[in-house]
Amino acid sequence: MKSILYKYRKFFAVFLLFSAITLYLFYGALKPSKSLPIYNPADVNPELVDTAVQYVRKYHTIADFSFVNQNGKTITQKDYEGKIYVADFFFTTCGSICPKMTTNLAEVQKAIINNPKVMLLSHTVFPETDSVPVLKAYAIKNGVNDKKWNLVTGDKKEIYTMARKSYLAVKLGKPSELYDMVHTENFVLVDAKKRVRGFYDGTNKEEVQKLIADIAFLSEEE
């Protein structure tokens with residue numbers, strides 16, 4: 001018996017190696033691979049998208065921007081270049097969904113605090129009241145880490161344009177007020193190539209955990 005095994009040792013070795021590779025490939029084919037969609041304006045609820053870009057079906061990316069953060073620093077696309085980030089829209093005096101969204105985004109901040117690839121970006125939809133000092137007080141109150149999370153204010157028209165033409169995430173407000181917006185509960189996940197990769201209900205704990213998992217997936221993919 002030993003002599004037979006010795007004689008055919010190379011055959012058995014090749015057979016075992018081939019079997020292992022076959023089983024690995026078969027398992028890999030059966031196991032669903034995780035992937036995240038790339039969103040374009042045509043893929044999103046038209047209520048959240050500016051009519052100028054509503055029918056764009058490919059190559060959509062976040063436009064360049066320039067706003068001022070809670071520290072009075074000008075924040076541009078350069079500060080987020082090559083970064084994965086989560087964007088949202090809020091205002092400091094909101095008493096409905098904003099407190100819950102901010103609390104949940106603080107949880108996201110905890111999850112990504114040691115990940116140099118990821119940042120957060122919150123835009124006020126009421127820049128006329130949310131000045132730099134107001135944003136700073138709000139940031140301190142909610143444990144915002146200045147190195148990871150920017151709360152920004154700026155020209156209302158520019159914020160409106162970013163919300164509806166880039167992030168595809170905010171509904172129209174009153175037609176009587178130009179550039180009025182109704183902020184939504186959306187957290188928007190943007191990848192390092194400035195593409196929209198996901199929308200999440202910022203008031204829902206399960207959705208926020210899914211966001212954290214998707215951030216981790218993109219971090220490994222980049």
Peer 1: My understanding is that only one of Thr129, Thr124, Leu135 makes a side-chain contact (heavy atoms from CB on, under 4.5 Å) with Thr92; could you say which?
Peer 2: Leu135
Peer 1: With sequence neighbours excluded, tell me which residues meet side-chain hydrogen bond (donor to acceptor under 3.5 Å, both in side chains) with Lys194.
Peer 2: none
Peer 1: Walk me through whether Glu81 and Lys78 qualify under salt bridge (Lys or Arg N to Asp or Glu O under 4.0 Å).
Peer 2: CA-CA 5 Å; Glu81 190 172 16; Lys78 286 289 183 183; 3.7 Å; yes
Peer 1: Is there a donor-acceptor pair under 3.5 Å between the side chain of Gln70 and the backbone N or O of Trp149?
Peer 2: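 Yes; judged by distance alone, with no hydrogens or angles, the pair exists.
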Peer 1: Counting only N and O atoms by type, is there a donor-acceptor contact under 3.5 Å from the side chain of Arg195 to the main-chain atoms of Ile38?
Peer 2: no
Peer 1: Can you check whether Glu47's main-chain N or O pairs, donor with acceptor, with Arg164's side chain at less than 3.5 Å?
Peer 2: yes
Peer 1: Indicate, with yes or no, if the rings of Tyr138 and Phe90 have centres closer together than 6.0 Å.
Peer 2: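 Yes, ring centres under 6.0 Å apart.
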Peer 1: Does any N or O in the side chain of Lys148 come within less than 3.5 Å of the main-chain N or O of Val118, such that one atom is a donor and the other an acceptor?
Peer 2: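 At least one qualifying donor-acceptor pair exists.
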Peer 1: Could you pull out all residues at least two apart from Thr203 that satisfy side chain to side chain contact (heavy atoms under 4.5 Å, CB included)?
Peer 2: Ile97, Lys100, Met101, Glu185, Asp201
Peer 1: Tell me, please, which residues at least two apart from Asn186 pass side-chain hydrogen bond (donor to acceptor under 3.5 Å, both in side chains).
Peer 2: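 Applying side-chain hydrogen bond (donor to acceptor under 3.5 Å, both in side chains) to Asn186 gives Thr184.
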Peer 1: Same cluster or not: Leu36 versus Ile212, using hydrophobic residues (I, L, V, M, F, W, Y) connected whenever any side-chain heavy atoms lie under 4.5 Å apart?
Peer 2: yes
Peer 1: In chain order, what residues pass the side chain to side chain contact (heavy atoms under 4.5 Å, CB included) check against Lys110, with sequence neighbours excluded?
Peer 2: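 Partners of Lys110 by the side chain to side chain contact (heavy atoms under 4.5 Å, CB included) criterion, ordered by chain and then number, come out as Glu107.
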Peer 1: Set out, in order, the CA-CA distance, both residues' side-chain angles and the distance that settles salt bridge (Lys or Arg N to Asp or Glu O under 4.0 Å) for Lys73 and Asp146, then state yes or no.
Peer 2: CA-CA 11 Å; Lys73 177 187 175 184; Asp146 294 343; over 6 Å; no
Peer 1: Is there side-chain contact between Phe65 and Ile159, with at least one heavy-atom pair below 4.5 Å?
Peer 2: no
Peer 1: With sequence neighbours excluded, tell me which residues meet ring-ring contact (aromatic ring centres under 6.0 Å, His included) with Phe199.
Peer 2: Tyr39
Peer 1: Any side-chain to backbone donor/acceptor pair from Lys117 onto Ala216? Under 3.5 Å, distance only.
Peer 2: no
Peer 1: Answer yes or no: is there a donor N or O on one side and an acceptor on the other, between the side chain of Thr153 and the main chain of Asp130, under 3.5 Å?
Peer 2: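 Indeed, once roles are kept as given, a pair shorter than 3.5 Å links the two residues.
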Peer 1: With side-chain hydrogen bond (donor to acceptor under 3.5 Å, both in side chains) as the rule and sequence neighbours excluded, what pairs involving residues 51-67 come up?
Peer 2: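 Not a single pair qualifies under side-chain hydrogen bond (donor to acceptor under 3.5 Å, both in side chains).
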Peer 1: Test of understanding: with side-chain hydrogen bond (donor to acceptor under 3.5 Å, both in side chains), list the residues that count as partners of Asn115, not counting sequence neighbours.
Peer 2: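 side-chain hydrogen bond (donor to acceptor under 3.5 Å, both in side chains) list for Asn115, sorted by chain: Ser219.
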Peer 1: Residues sharing Val68's hydrophobic cluster, by side-chain heavy-atom contacts under 4.5 Å among ILVMFWY, directly or via others?
Peer 2: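 Listed partners: Val132.
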Peer 1: My understanding is that only residues two or more places apart in sequence, or in another chain, count here; which of them pass salt bridge (Lys or Arg N to Asp or Glu O under 4.0 Å) with Glu158?
Peer 2: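 Salt bridge (Lys or Arg N to Asp or Glu O under 4.0 Å) list for Glu158, sorted by chain: empty.
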Peer 1: Hey, what do you get for CG (Leu120) to CD1 (Ile84), rounding to the nearest 0.5 Å?
Peer 2: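 The CD1 atom of Ile84 is 12.0 Å from CG of Leu120, to the nearest 0.5 Å.
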Peer 1: Is there a side-chain contact between Leu172 and Tyr160 in this structure, where contact means two heavy atoms from C-beta onward sitting under 4.5 Å apart?
Peer 2: yes
Peer 1: Any non-hydrogen side-chain atom of Arg197 less than 4.5 Å from a side-chain atom of Asp214?
Peer 2: no
Peer 1: Is there a donor-acceptor pair under 3.5 Å between the side chain of Asn69 and the backbone N or O of Asn71?
Peer 2: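 Yes.
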Peer 1: Partners of Ser166 by side chain to side chain contact (heavy atoms under 4.5 Å, CB included), sequence neighbours excluded?
Peer 2: Ile62, Ala63, Met162
Peer 1: Considering residues at least two apart in sequence or located in another chain, which fulfil the side-chain hydrogen bond (donor to acceptor under 3.5 Å, both in side chains) criterion with Asp155?
Peer 2: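 Partners of Asp155 under the side-chain hydrogen bond (donor to acceptor under 3.5 Å, both in side chains) test: none.
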Peer 1: Does some side-chain heavy atom of Asn150 sit less than 4.5 Å from a side-chain heavy atom of Tyr85?
Peer 2: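 Answer no - side chains too far apart.
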Peer 1: Using side chain to side chain contact (heavy atoms under 4.5 Å, CB included) as the criterion, list what pairs up with Ala52, not counting sequence neighbours.
Peer 2: Asp50, Lys165
Peer 1: Give the ring-plane orientation class for Phe89 versus His123, where under 30° counts as parallel, over 60° as perpendicular and anything between as tilted.
Peer 2: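 Rings of Phe89 and His123: parallel, as their planes differ by under 30°.
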